[in-house]
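What you see is a predicted model; the values in this text were computed from it and never measured. The analysis underlying the following values was restricted to heavy atoms, covering all of them including side chains, and did not include hydrogens, waters or symmetry mates.
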Amino acid sequence: MRWTSGTERFAPAAATGGARRSPAWWTGLDAARGLALIGLMAVQVLPGHHAPTQAPAWPHTLLSQSSAALFILLAGVGLALGSGGRFPHQGRWLAADRVGLAVRAVLIAVVGLGIGALMPGDAPADDLLVCCGVLFVLAVPFLRLSATALFVCAAVLWMVGPLLVQGVTDVLPAPASAHPAFADVPAEPGGTVSRLLVTGTYPALPYLSCLLVGLGVGRINLRDTGIQIRLLAAGAGLVVLARTADPFGPYVVGGHDRAPTTGGTGADELAEVLVRGPDPWPVDGVWAIAAGLGVALLVLAGCLLVSRRSGAWLLRLSAVGATALSVYTAHLVALSVEVRYDLPVLWSVAHLGAAVLLAVGWRRALGRGPLERVLDAVGDAGRRTVLHRHRRLHLT
């Protein structure tokens with residue numbers, strides 16, 4: 001989700017650490033984002049389980065946790081690159097970054113809530129856009145931190161997060177709707193907050209550690225081959241650690257082997273099991289997030305390494321990633337079409353193929369996606385307001 005790229009246009013080279021975009025490097029980032037987006041869409045449009053046994057189908061087993069973790073990790077990378085890269089902004093630039101990020105967060109949440117009103121009750125549960133808006137707000141205090149500080153914060157949150165989740169879950173009421181919409185905010189404020197923070201398909205509190213890791217990754221020199229190899233090793237280490245530490249999880253993402261034992265699991269319950277496992281958060285949630293984050297680092301490092309020598313192979317994927325917000329929004333709107341239930345396989349193939357073709361065609365003809373343009377324009381307006389106000393105060 002390169003949803004903060006517009007911030008770089010306002011900062012001088014000294015403020016951004018002299019960073020300049022490398023076409024191959026950005027192709028690798030966008031390709032990783034494209035893979036995450038395709039994985040998320042595949043989980044939602046392909047059949048969720050095998051009819052005879054009610055066991056989760058392989059796309060859900062392989063992609064559910066890792067795709068979301070990669071999506072959010074790359075959102076953090078985008079936030080870091082838009083707020084100074086290796087040299088975090090300070091002073092008025094930092095204040096402008098925070099305002100711009102808050103404005104973007106509100107707009108993304110508004111889009112997500114609007115889509116929630118369109119979704120039928122039996123559609124796959126999805127609150128990713130709204131939760132991304134919440135995550136962006138939670139990330140505002142962390143924008144000034146260095147890579148080391150961000151990694152430390154992510155590790156602490158990863159360890160204490162499940163306890164926070166359990167505590168908040170005990171206090172807040174359970175949400176009634178699987179698709180947060182505008183009407184739910186005043187009608188069920190506690191349930192809406194509960195779903196967005198802890199009980200939703202993509203709860204913000206557990207995934208904040210992924211966002212902070214992405215922020216930290218964006219603060220290091222991602223164009224360096226040595227750094228890319230270290231990210232590859234770190235991702236592999238996290239996957240091995242998660243698989244070793246969770247003796248009940250033979251798959252890359254924790255909890256999947258126990259999903260078949262839940263019997264006739266509905267769409268919402270299946271999504272919850274695939275993300276967290278059927279047991280309480282304090283045990284399985286830690287390793288589920290760690291495994292998904294490990295896979296995300298593997299994919300990111302792999303795409304960056306491939307882009308150094310054969311970036312042309314990644315152009316179609318990078319086109320999908322560069323228009324991620326527009327493509328994902330269109331995907332969610334398309335999910336409201338009931339034909340997917342009658343012809344699930346045909347619908348799935350046509351849906352994913354159309355998304356890729358439209359993204360590639362739009363990218364080649366018009367560049368940034370339509371929602372990306374709006375998001376950048378609104379966020380940049382907020383940043384300009386802060387910078388111009390500071391300039392007027394300085395002149396007076």
Salt bridge or not for R104 and D376, using N-O below 4.0 Å? yes
Is there a side-chain contact between L113 and P180, using heavy atoms and a 4.5 Å cut-off? yes
Residues forming a side-chain contact (heavy atoms from CB on, under 4.5 Å) with V137, sequence neighbours excluded: A105
When you look at E372 and S326, which way does the side-chain hydrogen bond (donor to acceptor under 3.5 Å, both in side chains) test go after all the steps? CA-CA 7 Å; E372 281 79 6; S326 299; 2.6 Å; yes
Could you list the residues that satisfy side-chain contact (heavy atoms from CB on, under 4.5 Å) with L232, not counting sequence neighbours? L298, A301, L305
For I227, does its backbone N or O pair with a side-chain atom of D224 as donor and acceptor, under 3.5 Å? yes
Path from V374 to I115 over hydrophobic side-chain contacts below 4.5 Å: yes
Does one hydrophobic cluster hold both V360 and L358, with members joined at side-chain heavy-atom distances below 4.5 Å? no
pair L304-R223: side-chain heavy atoms closer than 4.5 Å: no
Residues that F151 engages under side-chain contact (heavy atoms from CB on, under 4.5 Å), provided they are two or more places apart: A147, V213, V217
Can you confirm whether L325 sits close enough to L129 that some side-chain heavy atom of one is under 4.5 Å from a side-chain heavy atom of the other? yes
Mind checking the OG1-CZ spacing from T27 to R308? Nearest 0.5 Å is all I need. 13.0 Å
For residues Q90 and P88, determine if any side-chain heavy atom of one lies less than 4.5 Å from a side-chain heavy atom of the other. yes
What's the verdict on side chain to side chain contact (heavy atoms under 4.5 Å, CB included) for L212 and L215, showing C-alpha distance, side-chain angles and the deciding distance? CA-CA 5 Å; L212 294 183; L215 268 169; 4.0 Å; yes
R363 vs R368 side-chain heavy atoms within contact, under 4.5 Å: yes
Please report the interatomic distance CG(L150) to CZ(F142), rounded to the nearest 0.5 Å. 8.0 Å
Point-to-point distance, once rounded to the nearest 0.5 Å, from CG of L81 to CG of L29: 6.5 Å
Once rounded to the nearest 0.5 Å, what's the spacing between atom CG of D30 and atom SG of C303? 10.0 Å
Please give me the minimum heavy-atom distance between L40 and A68, naming the atom from each residue. CD2-N, 3.8 Å
Between H89 and L143, does the side chain to side chain contact (heavy atoms under 4.5 Å, CB included) criterion hold? Intermediate values first, please. CA-CA 8 Å; H89 291 167; L143 285 183; over 6 Å; no
Side chain to side chain contact (heavy atoms under 4.5 Å, CB included), that's the test. Do R86 and N221 meet it? Break it down for me. CA-CA 7 Å; R86 288 183 290 162; N221 186 10; 3.8 Å; yes
When every non-hydrogen atom of M41 is compared with those of L352, the smallest separation belongs to CB-CD2, 3.6 Å
Walk me through it: do R383 and D97 pass the test side chain to side chain contact (heavy atoms under 4.5 Å, CB included)? CA-CA 6 Å; R383 297 189 80 257; D97 290 337; 2.5 Å; yes
Just checking Y202 against F71, ring centres under 6.0 Å apart? no
Under 3.5 Å, is there a donor on one side chain and an acceptor on the other for R219 and S83? yes
Any L211 side-chain heavy atom under 4.5 Å of L73 side chain: no
Interatomic distance, CD1@I72 vs OG@S67, rounded to 0.5 Å, equals 11.0 Å
Ignoring hydrogens, what is the shortest heavy-atom contact between W287 and A242? Give both atom names and the distance. O-CB, 3.6 Å
Do L222 and Q228 have side-chain heavy atoms sitting under 4.5 Å apart? no
For residues S209 and L293, determine if any side-chain heavy atom of one lies less than 4.5 Å from a side-chain heavy atom of the other. no
Which value, rounded to the nearest 0.5 Å, describes the distance between Y328 atom OH and I38 atom CD1? 13.5 Å
May I ask you to list the residues sharing a hydrophobic cluster with L357, side-chain cutoff 4.5 Å, ordered by chain and number? none
Here the pair of heavy atoms bringing V239 nearest to G294 is CG2-C, 3.7 Å
Side chain to side chain contact (heavy atoms under 4.5 Å, CB included) test vs V103 passes for just one of L375, D380, I108, V378, namely V378
Over all atoms of both residues, closest heavy-atom pair of L145 and C153: CD1-SG, 4.0 Å
Smallest heavy-atom separation, V327 atom then A359 atom, equals CG2-CB, 3.8 Å
Quick one: side-chain contact (heavy atoms from CB on, under 4.5 Å) partners of L366, sequence neighbours excluded? W362, R373
Same apolar cluster (I L V M F W Y, side chains within < 4.5 Å links), V240/V295: no
For H331, which residues count as a side chain to side chain donor-acceptor pair (under 3.5 Å) partner, sequence neighbours excluded? Q44, H351
